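Predicted model only: the values in this text are computed from it and were never measured.
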Amino acid sequence: MTAVVGLDIGGSTTRAVRAEDGRCVAEARAGSANIRSVGPAEAARQLDVVLADIRIDDVAAVCAGAAGGDSAPARAALGELLAKRLPGAAVEVVHDARLILAAADLDAGIAVIAGTGPAGWGAAADGREARAGGFGYLLGDEGSGYWTAREAVRHVLHRADTGDAPDALGAALLDACGVATPFDLFDLFYHRPERAFWARHGGVVARLAATDPVAAEILGRAADALASLATTVGARLDSTGPVVLGGGFAVHEPALRAAVAARLAAAGLPDVRVIPRDPVAGAVRLAQRLLETQ
């Protein structure tokens, strides 16, 4: 029996799976262990939480896909934390977008994440890699669930500033957030700043887009940004895909997926797919491959 561990470390949560001879036998969840977002101490604490719920004493290889894993210092720091906790295991840390392709059983192609944050990543058959976006909410993160919800909040507040009552999008967002007025929404945005909370409300925009022109305009800009991630990566790698979409916002909102696919088809990237399994399955696949190369 050979055991490996796959970790999917996102901006909101960490998921771990233990697999034995390719079969999942245990899994666990914890808060984010993304060093860039939460710092080394909190990342270590969350790794302890998630690994405590699965057996790790005999693990031969571990692969962690981490948001922000395109930074060599961040990869090294996370790899060190994992090596201390799994001292006998081979360790690999990759950008979490790489898990998208691996979960789709692809070694080459383009992955686009649209979740709490966005990112694009790709690999060519000759081993070249490229990335785009994923710079964090302070620098944009256009196309993410968080960005989409924030744009809707901005729209609601702008209408309030000009003396207009909430429109259809405003009423839906106020209702979803459980507040009565635009200024209650303003207070909530600063009193509850967790990006994962607001990212979930990006779905309010997506679900109204078919009937509300304001929601359609915001969702269209999100789709433009996500399609741009894919075309940027494709141009750098001279790749036409396939493009695999992952992340909660893309996976759970068909209107967003359709808008992104339409833009990519027009740009010469017609093969657009949705990730068929949880990204952590991609981490398990990469851990197994790491073991094979030892």
For the residue pair [X] and [Y], establish whether any side-chain heavy-atom pair is separated by less than 4.5 Å.
X      : Y      : result
Ile275 : Leu99  : no
Val251 : Leu245 : no
Leu290 : Val62  : no
Val112 : Pro118 : no
Arg55  : Arg18  : yes
Thr240 : Asp271 : no
Val274 : Val244 : no
Val17  : Val5   : no

Taking [X] for its side chain and [Y] for its backbone only, find out whether a donor-acceptor pair lies under 3.5 Å.
X      : Y      : result
Gln46  : Gly31  : yes
Thr231 : Ala227 : yes
Arg236 : Thr232 : no
Arg128 : Ala123 : no
Thr14  : Ala33  : yes
Arg277 : Ala103 : yes
Asp53  : Ala28  : no
Thr116 : Ala196 : no

Apply side chain to side chain contact (heavy atoms under 4.5 Å, CB included) to Arg159 and Leu157, showing your working.
CA-CA 5 Å; Arg159 284 185 64 88; Leu157 295 178; over 6 Å; no

For the [atom1] atom of [X] and the [atom2] atom of [Y], what is their distance to the nearest 0.5 Å?
X      : Y      : atom1 : atom2 : result
Tyr146 : Arg200 : OH    : CZ    : 13.5 Å
Asp141 : Phe135 : CG    : CZ    : 9.5 Å
Leu106 : Ile100 : CG    : CD1   : 11.5 Å
Ser144 : Arg150 : OG    : CZ    : 7.5 Å
Phe186 : His191 : CZ    : NE2   : 8.5 Å
Leu229 : Asp224 : CG    : CG    : 11.0 Å

Connecting only ILVMFWY residues whose side-chain heavy atoms lie within less than 4.5 Å of each other, what is the rest of Val25's hydrophobic cluster?
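Members besides Val25: none; it forms no cluster.
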
Quick one: list whatever passes side chain to side chain contact (heavy atoms under 4.5 Å, CB included) with Asp48, sequence neighbours left out.
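Per chain and number, Asp48 pairs via side chain to side chain contact (heavy atoms under 4.5 Å, CB included) with Arg85.
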
Which residues pass the side chain to side chain contact (heavy atoms under 4.5 Å, CB included) test with Ala287, not counting sequence neighbours?
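Expected list: Val4, Cys63.
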
Among Asp278, Asp107, Asp8, which one satisfies salt bridge (charged side-chain N to carboxylate O under 4.0 Å, His left out) with Arg285?
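For Arg285, the salt bridge (charged side-chain N to carboxylate O under 4.0 Å, His left out) test succeeds with only one of Asp278, Asp107, Asp8, which is Asp107.
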
How about Thr162 and Asp164: does a side-chain donor come under 3.5 Å of a side-chain acceptor?
yes

Are there more than 12 heavy atoms of other residues, nucleotides or ligands under 6.0 Å from atom CG of Asp57?
yes

Residue set satisfying ring pair (Phe, Tyr, Trp, His ring centres under 6.0 Å) with Trp198, at least two apart, ordered chain then number -> Phe189, His201

Can you name the nearest heavy-atom pair linking [X] to [Y], along with the distance?
X      : Y      : answer
Ala209 : Leu219 : CB-CD2, 3.7 Å
Ala230 : Ile110 : O-CD1, 3.8 Å
Gly202 : Ala149 : N-CB, 3.8 Å
Leu291 : Ala61  : CB-CB, 4.1 Å
Val93  : Arg75  : O-CD, 3.2 Å
Ala43  : Ile35  : CB-CG1, 3.6 Å

Could you list the donor-acceptor pairs under 3.5 angstrom formed between side-chain atoms of residues 175-183 and any protein atom two or more places apart in sequence or on another chain?
{"unit_1": "Thr181", "atom_1": "OG1", "unit_2": "Phe183", "atom_2": "N", "d": "3.4"}
{"unit_1": "Thr181", "atom_1": "OG1", "unit_2": "Asp184", "atom_2": "N", "d": "3.1"}
{"unit_1": "Thr181", "atom_1": "OG1", "unit_2": "Asp184", "atom_2": "OD2", "d": "3.1"}

So does [X] pair up with [Y], basic N to acidic O under 4.0 Å?
X      : Y      : answer
Asp21  : Arg23  : no
Arg289 : Glu292 : no
Glu142 : Arg221 : no
Glu92  : Arg98  : yes

Hey, quick one: are [X] and [Y] part of the same hydrophobic cluster, counting side-chain heavy atoms closer than 4.5 Å, chains of contacts allowed?
X      : Y      : value
Val94  : Leu101 : no
Ile113 : Val272 : no
Leu264 : Phe249 : yes
Leu188 : Tyr137 : yes
Leu269 : Leu256 : yes

Going through the checks in order, is the side chain to side chain contact (heavy atoms under 4.5 Å, CB included) test met by Leu174 and Leu185?
CA-CA 7 Å; Leu174 292 174; Leu185 184 66; 3.9 Å; yes

For residues 244-262, the side chain to side chain donor-acceptor pair (under 3.5 Å) pairs (sequence neighbours left out) are Arg207-Glu253

Assess whether side chain to side chain contact (heavy atoms under 4.5 Å, CB included) is satisfied between Val284 and Cys24, documenting all intermediate values.
CA-CA 9 Å; Val284 170; Cys24 173; over 6 Å; no

Please walk me through it: do Val205 and Leu173 pass side chain to side chain contact (heavy atoms under 4.5 Å, CB included)?
CA-CA 8 Å; Val205 178; Leu173 188 59; over 6 Å; no

